[in-house]
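Just below is one structure, and these are the notes that go with it.
Quick note on labels: first sequence line is chain A, next is B, and so on, each numbered from 1.
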Number of protein chains: 2
Amino acid sequence: MNVSDVITKGGLPGLKEKRCTQKRNIVSFLYRQGDLSKPEMCRLTNMTAPTIGRMLEELMAEGWVIDLGCGTSGGGKRPHIFSLKRDAAFVLGVDVGREYLKVALFDLKHEVVGRIFVYPSKLEVAERDDVLNDIAGRVEDTLAFLGVERSRIRVAGVSLPGLIDREGNTYTYLTYENPGLKERLGQLLEMPVFIDNDSNAIAVAEHAFGVAKGINNVLCISINECVGLGMILDSRLYVGGNGMAGEFGHIRISGLDTPCQCGKVGCLETVASSRAIVKAAKERMVKMPDGESVTLEGVIRAARKDELSAIELLQQVGEKVGEGIASLLHLFNPDMVVLGGEIVKAGDLITVPVRQAMNKYALARIRGHCELRLSDLGGDAAILGTQLMAMGHLHQKTGMTFALYE
Amino acid sequence: MNVSDVITKGGLPGLKEKRCTQKRNIVSFLYRQGDLSKPEMCRLTNMTAPTIGRMLEELMAEGWVIDLGCGTSGGGKRPHIFSLKRDAAFVLGVDVGREYLKVALFDLKHEVVGRIFVYPSKLEVAERDDVLNDIAGRVEDTLAFLGVERSRIRVAGVSLPGLIDREGNTYTYLTYENPGLKERLGQLLEMPVFIDNDSNAIAVAEHAFGVAKGINNVLCISINECVGLGMILDSRLYVGGNGMAGEFGHIRISGLDTPCQCGKVGCLETVASSRAIVKAAKERMVKMPDGESVTLEGVIRAARKDELSAIELLQQVGEKVGEGIASLLHLFNPDMVVLGGEIVKAGDLITVPVRQAMNKYALARIRGHCELRLSDLGGDAAILGTQLMAMGHLHQKTGMTFALYE
DNA sequence: AATACTTTCTAAAATATTTTACAAAGCAGA
DNA sequence: TCTGCTTTGTAAAATATTTTAGAAAGTATT
């Protein structure tokens with residue numbers, strides 16, 4: 001049995017298949033939970049030590065797992081700690097944003113190989129075919145630079161803004177049919193590709209690596225050019241029947257009547273997106289710190305420098321966002337709400353009014369249970385999430401049990 | 001090994017425990033999926049026919065399972081169909097409503113033993129201790145009438161309106177601490193008791209037995225004296241971090257400014273509850289069909305008899321509910337929304353305006369994916385759901401794998 | 001430092017499960 | 001009605017896993 005036997009499902013007769021599944025299971029736990037000792041694996045898999053031992057022997061012989069030596073004792077003999085061999089396989093992550101195109105290679109310990117490569121995005125300024133070719137070229141360059149052969153990359157995860165369904169069909173950007181974006185990119189990149197909404201990738205990343213690590217019910221709101229919402233419910237990513245859940249930016253907020261680009265009226269996005277904030281800042285003539293053109297970042301920097309009109313603008317935005325979050329609290333009763341995106345740089349200046357609105361509009365017993373946190377993943381949450389999303393999809397499709405998020 | 005060995009977890013050494021778990025698994029599948037053939041069980045459990053065969057032999061000897069004889073052929077030898085012995089165990093269901101107290105006994109095929117017993121409810125008119133004793137007395141009477149010994153009842157599920165957390169602690173009705181309602185009722189009823197919110201019980205019932213049978217993502221809205229929401233997401237009941245998710249009645253709807261009994265302003269419940277509808281009907285002097293006092297049922301009957309003011313009132317309620325549902329659609333992207341409660345009797349007169357508002361306020365791709373249906377379980381959804389909730393909790397606590405909803 | 005206790009780990013024996021091989025029972029077309 | 005094909009079902013052989021028993025390597029206590 002070689003490495004790819006552990007990856008590819010089916011074709012094997014029952015017993016070998018079963019053994020393979022068990023081994024995938026172990027690999028999966030190591031991928032998701034990090035390094036583990038034999039007894040820990042026994043508890044996780046409901047198998048006994050001799051069985052686990054034999055599996056590990058095989059997995060080590062196949063180059064999947066390495067023995068890290070003794071760990072710390074829990075009152076007795078110190079256990080050997082086993083770990084995935086970080087370079088046994090790689091996952092490619094691509095985050096196609098409106099401003100930047102990010103490309104990164106991840107190892108089996110979720111770590112970035114080298115660094116995250118950031119390129120200008122053509123998403124909003126070029127034809128779809130050009131965007132695709134640009135992505136393929138950038139990936140090509142990145143892999144060439146890193147000197148990693150394509151054959152060692154198992155799968156690619158791509159995150160995109162806009163409406164995307166469960167199957168990865170796109171309805172806002174890069175809309176292709178027959179073959180869809182997934183197949184086209186797969187052909188260009190010469191590997192299996194999975195497409196996901198960026199808000200979902202962000203939620204997954206926050207839950208796995210960010211401030212929401214290990215929290216069961218988390219709502220991740222990102223405020224950039226659009227308002228996004230990704231949801232972890234009962235520790236699993238929730239995407240809705242169609243994959244389009246989390247359209248938080250287009251729920252109706254009371255007291256708003258501005259028409260939204262979506263065609264409806266009074267959407268949260270008409271006050272809480274960077275575009276809307278910039279527009280409002282211009283109307284109120286908020287002074288930018290260095291006299292440069294108005295941007296969300298500029299508004300935040302101005303507010304940090306005690307520019308009252310900027311502080312008040314952020315407060316008003318925060319109050320509306322908080323009112324929206326209050327509705328979310330009643331519906332989802334989450335353990336945590338994570339605020340992400342460019343707005344994070346505002347710190348207190350946004351969280352305080354948000355929290356205040358939550359207190360005003362949500363029931364005590366529900367708001368009291370919920371923590372409000374700022375993301376600490378910088379702008380890289382989405383691309384960090386793509387690796388987990390891609391592994392999850394690969395699992396569903398091939399039975400590889402790396403899956404954490406499906 | 002006897003019947004209760006299959007129920008009670010722990011205490012047994014590894015192998016026996018494992019065998020027990022496998023058998024529980026089979027029982028669980030039979031409970032959830034109904035009758036199954038050996039090959040079907042093989043596919044479901046990933047075990048081979050000889051193994052399944054031995055388990056079934058044991059389960060039949062223990063009185064859990066019966067052989068129903070040959071089923072229909074799928075192009076070859078006809079398989080034996082196996083079924084749970086319906087009276088191998090019973091589950092007690094209690095629905096403590098504001099108007100009625102319902103008690104029913106369920107067998108392992110989810111069927112009501114005899115009938116559902118309906119008594120007047122003391123929930124809103126008596127001291128909490130009196131309510132408890134009343135419940136215990138009614139259960140006593142019911143069981144005596146049915147002639148079923150307590151020892152054959154495995155567990156009781158109780159549904160209640162109001163805020164209830166994951167552990168079954170109550171915060172609106174029958175609030176007890178140390179011991180809580182669960183323990184007190186358990187002592188009175190002399191069996192394990194689990195407490196759940198009625199909206200959640202309804203959602204579970206709709207998903208298992210009602211119009212939402214087998215649908216993966218369902219929002220069940222009930223409109224009675226309060227507005228309730230129970231959610232099935234990815235085929236599992238979602239209750240939130242604290243158990244209090246689904247407070248749909250208290251999200252804010254635009255254009256409303258009536259103070260709500262919850263202390264906030266503009267809640268959906270201020271227009272869409274039976275109380276609010278009755279109040280509005282009085283204000284508009286909607287004529288009741290037989291000149292009786294104003295009730296929601298009266299309003300609906302009037303509307304059915306072409307009383308224009310009643311039709312318009314229902315339309316306005318429907319529009320507000322539909323606006324709320326539009327927000328739910330954006331957030332949850334469900335496959336189906338089920339409307340339940342007293343309002344069901346209004347039929348078209350409520351679904352048409354609701355659907356219209358959904359069309360007005362929700363994105364096409366999301367609303368188009370979602371079906372709107374009226375509940376067909378009558379008023380019995382909650383009590384039908386209690387049996388599944390109770391079995392689910394019992395599973396979590398004792399390892400009994402009857403669980404469908406946890 | 002020695003003893004008692006805990007945890008980890010591994011061979012060999014005991015026990016389960018899967019595979020294999022084949023029989024039985026039904027369908028479908030000639 | 002007969003033949004070939006499919007599905008179901010069951011012993012016996014082959015293969016896995018679990019248990020048992022005991023060793024090894026720690027910690028905590030005396």
Side-chain angles (χ1 to χ4, degrees), chain A residues 1 5-6 9-26 29-30 35-62 65-83, chain B residues 1 5-6 9-26 29-30 35-62 65-83:
Chain A
M1 189 178 295
D5 279 350
V6 180
K9 185 189 177 179
L12 296 118
L15 200 62
K16 247 185 182 156
E17 176 66 42
K18 189 185 171 191
R19 180 60 151 280
C20 229
T21 305
Q22 287 171 318
K23 276 154 69 176
R24 280 195 209 102
N25 228 358
I26 293 179
F29 275 116
L30 286 170
D35 306 339
L36 293 169
S37 71
K38 238 180 256 189
E40 284 170 330
M41 292 189 213
C42 291
R43 283 186 286 272
L44 287 168
T45 60
N46 284 316
M47 290 189 278
T48 55
T51 311
I52 291 287
R54 197 150 2 88
M55 308 280 176
L56 284 174
E57 255 170 51
E58 290 182 30
L59 283 168
M60 288 195 286
E62 289 158 16
V65 168
I66 52 174
D67 183 342
L68 251 43
C70 288
T72 52
S73 161
K77 182 174 175 177
R78 288 188 302 208
H80 276 231
I81 302 294
F82 296 88
S83 165
Chain B
M1 188 178 294
D5 280 349
V6 180
K9 184 190 177 179
L12 297 119
L15 198 64
K16 248 184 183 158
E17 175 68 41
K18 191 185 170 192
R19 181 59 151 280
C20 228
T21 304
Q22 288 171 315
K23 276 154 69 177
R24 278 195 210 105
N25 228 0
I26 293 179
F29 275 115
L30 286 171
D35 307 339
L36 293 169
S37 71
K38 238 181 257 188
E40 284 170 331
M41 292 188 213
C42 290
R43 282 186 286 273
L44 286 168
T45 60
N46 284 316
M47 290 189 279
T48 55
T51 312
I52 291 286
R54 199 152 358 91
M55 308 280 175
L56 284 174
E57 256 170 50
E58 289 182 31
L59 283 169
M60 288 195 285
E62 289 159 16
V65 169
I66 51 173
D67 184 343
L68 249 42
C70 286
T72 53
S73 162
K77 182 173 175 177
R78 287 189 303 208
H80 277 230
I81 303 294
F82 297 88
S83 165

Applying a 4.0 Å non-hydrogen cut-off, can you work out what B:Pro50 is touching in the nucleic acid: base, sugar-phosphate, or nothing? base
Which listed nucleotide (C:dT17, D:dG26, C:dT10) is nearest to the side chain of A:Arg78? D:dG26
Report the distance from atom CE of B:Met55 to atom C1' of C:dT15, rounded to the nearest whole Å. 13 Å
What is the distance from CD1 of A:Ile52 to P of C:dT7, rounded to the nearest Å? 19 Å
Of the candidate nucleotides C:dC9, D:dG9, C:dT17, which contains the atom at the shortest distance from the side chain of B:Thr51? C:dT17
Under 4.0 Å between a side-chain N/O of A:Gln22 and OP1 or OP2 of D:dA16, yes or no? no
Going through the distances and angles, do B:Met41 and B:Leu56 end up as a side chain to side chain contact (heavy atoms under 4.5 Å, CB included)? CA-CA 10 Å; B:Met41 292 188 213; B:Leu56 284 174; 3.9 Å; yes
Rounded to whole angstroms, how far apart are CZ on B:Arg54 and C1' on D:dG9? 14 Å
Using a strict heavy-atom distance below 4.0 Å, which residues from residues 37-48 of chain A are in contact with DNA chain C? A:Lys38, A:Pro39
Whole angstroms only, please: what is the CZ-C1' distance between B:Arg19 and C:dA14? 14 Å
Proximity to the side chain of A:His80 - top-ranked nucleotide from D:dA16, C:dT17, C:dC9: C:dC9
CG/B:Leu59 to CG/B:Leu30 distance, rounded to the nearest 0.5 angstrom? 8.0 Å
Of all the nucleotides listed (D:dT18, C:dA24, D:dA25), which has the minimum atom distance to the side chain of B:Lys77? C:dA24
Under a 4.5 Å cut-off applied to non-hydrogen side-chain atoms, are B:Glu40 and B:Phe29 in contact? no
When rounded to the nearest 0.5 angstrom, what distance separates CD in B:Glu58 from CD1 in B:Ile26? 9.5 Å
Could you walk me through whether A:His80 and A:Cys70 satisfy the side chain to side chain contact (heavy atoms under 4.5 Å, CB included) test, starting with their C-alpha distance in whole Å, then the side-chain angles of each, then the deciding distance to 0.1 Å, before giving a yes or no? CA-CA 4 Å; A:His80 276 231; A:Cys70 288; 4.0 Å; yes
Take B:Gln22 and B:Arg54, measure what side chain to side chain contact (heavy atoms under 4.5 Å, CB included) needs, and give me the verdict at the end. CA-CA 11 Å; B:Gln22 288 171 315; B:Arg54 199 152 358 91; over 6 Å; no
